[in-house]
> 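Please find one structure pasted underneath; my questions will follow.
Sequence lines set the chain letters: A, B, ... in the order given, protein chains first and strands last, and positions in each chain run from 1. What's counted below: heavy atoms across the whole structure, side chains too, no hydrogens, waters or symmetry copies.
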Amino acid sequence: MASFTTLRDAVAAHVRDGDVVAMEGFTHLIPFAAGHEIIRQGRRDLTLVRMTPDIIYDQMIGMGCARKLVFSWGGNPGVGSLHRMRDAVENQWPHRLDIEEHSHAAMANAYEAGAANLPFAVMRGYKGVTLPEVNPNIRSVTCPFTGEVLAAVPAVRPDVAVIHALRADRRGNVLIEGITGVQKEAVLAARRSIVTVEEIVEDFGPRSPNAVILPHWTVGAIAVVPRGAHPSYAHGYYKRDNAFYQAWDAIARERDAFLAWMEENVMKRADLALEPAR
Amino acid sequence: MASFTTLRDAVAAHVRDGDVVAMEGFTHLIPFAAGHEIIRQGRRDLTLVRMTPDIIYDQMIGMGCARKLVFSWGGNPGVGSLHRMRDAVENQWPHRLDIEEHSHAAMANAYEAGAANLPFAVMRGYKGVTLPEVNPNIRSVTCPFTGEVLAAVPAVRPDVAVIHALRADRRGNVLIEGITGVQKEAVLAARRSIVTVEEIVEDFGPRSPNAVILPHWTVGAIAVVPRGAHPSYAHGYYKRDNAFYQAWDAIARERDAFLAWMEENVMKRADLALEPAR
Amino acid sequence: MNAVTPSEMMTIAAARALRSTDVCFVGIGAPSAACNLARLTHAPGITLIYESGTIDTRPDVLPLSIGDGELCDTALTTVSVPEMFRYWLQGGRITVGFLGGAQIDRFANLNTTVVGDYDKPKVRLPGGGGAPEIAIHCGEIFITMQMGSRAFVETLPFITSLGHGTGPGSRERLGVTTKGPTRVITDLCVMEPDAHTCELTVTSLHPGATREAVQGACGWPVRFAADIAETPAPTAEELTVLRDLHARTRRAHSGEV
Amino acid sequence: MNAVTPSEMMTIAAARALRSTDVCFVGIGAPSAACNLARLTHAPGITLIYESGTIDTRPDVLPLSIGDGELCDTALTTVSVPEMFRYWLQGGRITVGFLGGAQIDRFANLNTTVVGDYDKPKVRLPGGGGAPEIAIHCGEIFITMQMGSRAFVETLPFITSLGHGTGPGSRERLGVTTKGPTRVITDLCVMEPDAHTCELTVTSLHPGATREAVQGACGWPVRFAADIAETPAPTAEELTVLRDLHARTRRAHSGEV
């Protein structure tokens with residue numbers, strides 16, 4: 001049942017050390033502000049689930065929040081490596097990071113299965129590749145009608161899902177438009193959820209009868225965080241900050257520069273998580 | 001690849017004796033005009049697939065088009081029986097009708113699996129009920145992670161899907177809004193498709209970025225048939241003719257009255273299938 | 001105001017069982033009337049979902065089908081039917097599912113499929129539709145049915161949807177974790193499964209209904225709870241709202257609106 | 001007009017392989033440039049799909065990520081990511097998929113996962129993303145990669161996506177019915193799998209490129225087709241459209257727009 005709160009209180013109430021956390025948003029609507037608040041609150045030993053770790057998990061990994069990463073493509077899109085993720089995997093800095101690696105198709109299906117309350121997802125995939133040899137969570141099932149062998153992966157069922165959405169109405173219904181990714185699935189698959197939004201409106205007004213909406217009784221804490229997806233973007237509010245994505249490569253390449261940037265731009269900005277629900 | 005044609009030519013080209021035909025539309029957008037044209041063209045031995053046979057299949061069964069019916073709820077919604085369907089199942093009139101019966105959940109999942117090019121669908125269902133004893137197409141699979149046994153049904157892969165949509169644009173892209181049912185899945189699961197539409201527009205104009213659209217390269221023949229869903233309805237065009245649904249009970253109860261009604265209202269109205277693409 | 005009909009009493013008793021926080025999977029007929037009556041009286045916050053995909057809908061008239069345009073026009077949003085059955089019903093997000101049927105047994109299993117042999121049916125009924133999975137995925141199930149000895153039967157010829165199976169432990173042995181039918185609301189009484197035997201037991205008689213009438217309309221020897229109550233008579237508000245709803249609905253479905 | 005760069009030649013050669021009737025699953029970088037160049041020149045009807053869910057998109061500038069707003073703003077429609085991978089990619093509706101990678105072998109298998117041991121990697125690469133299933137579900141695969149002996153290698157340490165496996169029959173034995181990589185477009189040449197051996201074979205050399213240069217940038221002994229062609233030089237139109245596209249893109253991504 002939706003409750004309106006500050007981002008600080010939402011994270012304090014819903015994200016616990018050791019949780020499996022899925023912070024989704026496929027390029028669009030990545031919940032950066034929420035990730036920063038999790039870093040500021042010093043969460044540890046998280047299992048971070050995300051199709052594309054992106055800068056948000058690069059930051060969380062570099063700041064020591066994560067014990068394990070479940071992902072399917074770990075780069076800075078169109079730019080290059082995620083240096084903090086690489087440093088963790090290659091050099092165990094700031095500490096060891098376990099990984100569970102899938103393909104996009106497998107992750108998308110695993111979220112879908114989680115939302116549908118199924119224990120596993122079935123797909124045609126993973127043929128002729130090495131990943132099943134290094135990931136014991138890639139198995140198979142046999143079609144009981146045709147005998148075909150298909151790939152199976154466990155459903156994603158996070159302890160908490162964190163997403164950024166365009167807006168909520170006064171009842172706590174949440175609207176997403178544009179590239180909707182797997183956010184709806186992540187929230188429906190999770191036990192708890194935090195939704196940051198650009199704004200709260202009285203009513204969504206005229207809209208498609210098939211608008212992508214999470215009803216208020218399916219979401220947990222809602223916090224208003226304008227520009228809460230930056231440097232990702234919010235359809236109709238602001239554009240993706242591609243210049244920042246390119247700049248991140250230099251910021252994150254060395255540990256010291258990374259830590260300095262985080263100190264200045266994240267650790268000192270607790271004020272950003274105190275926006276009251278309006 | 002979409003081609004614009006008359007309904008008569010669409011049915012002549014795409015629906016063949018013995019085909020597996022899925023004519024979908026969940027209460028909304030039922031393709032009545034296309035069903036009538038199939039009746040007029042005298043198709044035989046069809047396997048008719050539809051979650052809710054509704055009046056459209058009552059008519060097709062009563063007119064002798066069907067050898068088999070695959071369905072999940074065979075009543076006249078809110079009114080009572082489908083008398084022609086019952087007469088076929090109970091008394092083999094006008095001839096024997098085989099049935100393959102599922103639950104709604106199974107059929108919906110089977111269409112979804114068909115659209116996703118999977119050989120079968122997995123669901124939690126069919127527990128403690130008799131249907132699996134009389135339908136050999138209800139089987140099981142075991143989760144390779146938890147050991148849980150789940151129900152499995154074959155994917156629906158029709159030879160031809162027939163749907164009614166709101167409108168197409170000049171390129172042949174097709175828009176559906178409102179109660180979208182399983183129409184998109186039916187078309188994507190089928191080898192061929194016929195789409196009747198209320199109108200053809202130059203461009204869909206302003207719309208939700210997530211509007212339910214079948215791209216032109218996924219559909220077959222498109223025919224303009226205004227009110228082609230009546231007595232079902234088209235969101236934003238006309239309402240469901242509930243009075244007709246109630247009147248159908250008396251029309252269809254006796255064979256003679258049914259045949260007389262069909263002769264007058266369907267067989268003599270071949271002109272309705274000649275609307276040119278505009 | 002005219003006398004209360006048994007059908008009205010049934011609908012009103014069903015409506016009272018709903019809470020404002022419920023998320024309700026609604027069937028056509030009496031369930032739809034009960035759910036909307038609850039919404040228009042004591043449970044304004046109730047979320048009504050129809051299997052056509054319409055979520056949080058607030059129809060002004062009762063739909064004839066589960067997919068009338070009215071449901072979509074007044075819904076928060078409408079999803080595809082596969083999504084409805086996967087994410088919403090199987091997803092375990094529904095607190096109350098409403099079912100009815102042609103036949104019921106003492107463990108609240110239902111038959112809406114066939115009377116007689118499946119392959120050579122005496123009466124072919126509509127079939128299960130959403131019921132088999134509604135019965136196992138909703139938090140609990142309310143059943144509304146008019147009583148009669150051909151409907152309340154000793155043995156079902158076909159189980160379309162699971163109630164309490166053959167008694168205690170049946171649902172658990174099938175891996176089903178939801179409560180199943182917690183009340184059967186009829187035109188004469190309310191029945192609830194006994195806590196120990198799971199057998200339907202009359203817990204409340206509607207005004208004017210007698211034990212004899214209930215037994216006369218039931219094909220098995222009926223059990224009555226020790227502390228049997230009388231269902232409170234409909235209030236003026238309940239009756240007015242229900243009759244207005246039905247009147248609006250009749251006008252709309254006859255094509256007058 | 002400035003001299004054509006090898007990168008431009010690669011993109012233009014890739015664009016030419018696309019048809020106006022293609023439905024193309026587009027990756028970021030060279031594939032995105034090639035697909036949009038094709039759309040803006042000889043293949044105006046081409047349908048471009050990005051794995052973010054954007055269908056039939058017509059971006060004015062190249063996206064930096066596969067989910068830039070530009071893609072959604074100009075798309076026919078945008079679907080969820082599970083739907084994209086289930087109905088559209090696995091559904092078998094894509095005629096051409098574009099892939100690139102850090103490493104390729106002579107059978108056009110690709111590695112974008114890891115160099116060194118998987119558990120103790122020398123270089124951790126981004127991973128597969130959509131590639132493992134793009135490689136098997138699209139009608140055919142085009143690969144664009146700059147040549148170099150560390151990229152075109154004798155043996156892959158990790159197979160991220162399937163090409164022609166270990167040679168003839170590999171795909172069939174895995175139950176894969178699509179063609180797989182039908183051409184590899186590099187900065188020096190175009191390679192195609194030999195009809196009999198499936199081994200990548202140079203079928204066309206770009207203007208100025210030599211057999212020696214190709215061999216020098218390849219970690220296995222390169223095979224050349226008997227009737228090797230010279231890739232036609234870029235036309236003025238191709239070069240102008242491509243450079244304009246890149247210029248618009250640079251301005252947009254630097255935040256100037």
> Which pair of non-hydrogen atoms, one from F145(A) and one from P136(B), has the smallest distance, and what is that distance?
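Result for this residue pair: CE2-O, 4.4 Å.
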
> Would you please name every residue forming a side chain to side chain contact (heavy atoms under 4.5 Å, CB included) with A66(B), sequence neighbours left out?
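Applying side chain to side chain contact (heavy atoms under 4.5 Å, CB included) to A66(B) gives L48(B), I61(B), L97(B).
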
> Would you enumerate the inter-chain donor-acceptor pairs between chain B and chain A whose distance is below 3.5 Å?
| residue | atom | partner | partner atom | Å |
| --- | --- | --- | --- | --- |
| N117(B) | O | R124(A) | NH1 | 2.4 |
| N117(B) | OD1 | R124(A) | NH1 | 3.1 |
| R124(B) | NH1 | N117(A) | O | 2.3 |
| R124(B) | NH1 | N117(A) | OD1 | 3.1 |
| R139(B) | NH1 | P144(A) | O | 2.8 |
| P144(B) | O | R139(A) | NH1 | 2.8 |
| G178(B) | N | N210(A) | OD1 | 3.0 |
| G178(B) | O | N210(A) | ND2 | 2.6 |
| N210(B) | OD1 | G178(A) | N | 3.0 |
| N210(B) | ND2 | G178(A) | O | 2.6 |

> Heavy-atom distance under 4.5 Å to chain A: side chain of V141(B), backbone, both or neither?
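The side chain, not the backbone.
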
> Are the side chains of P119(B) and L150(A) in contact, using a 4.5 Å heavy-atom criterion?
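Yes; the side chains approach each other to less than 4.5 Å.
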
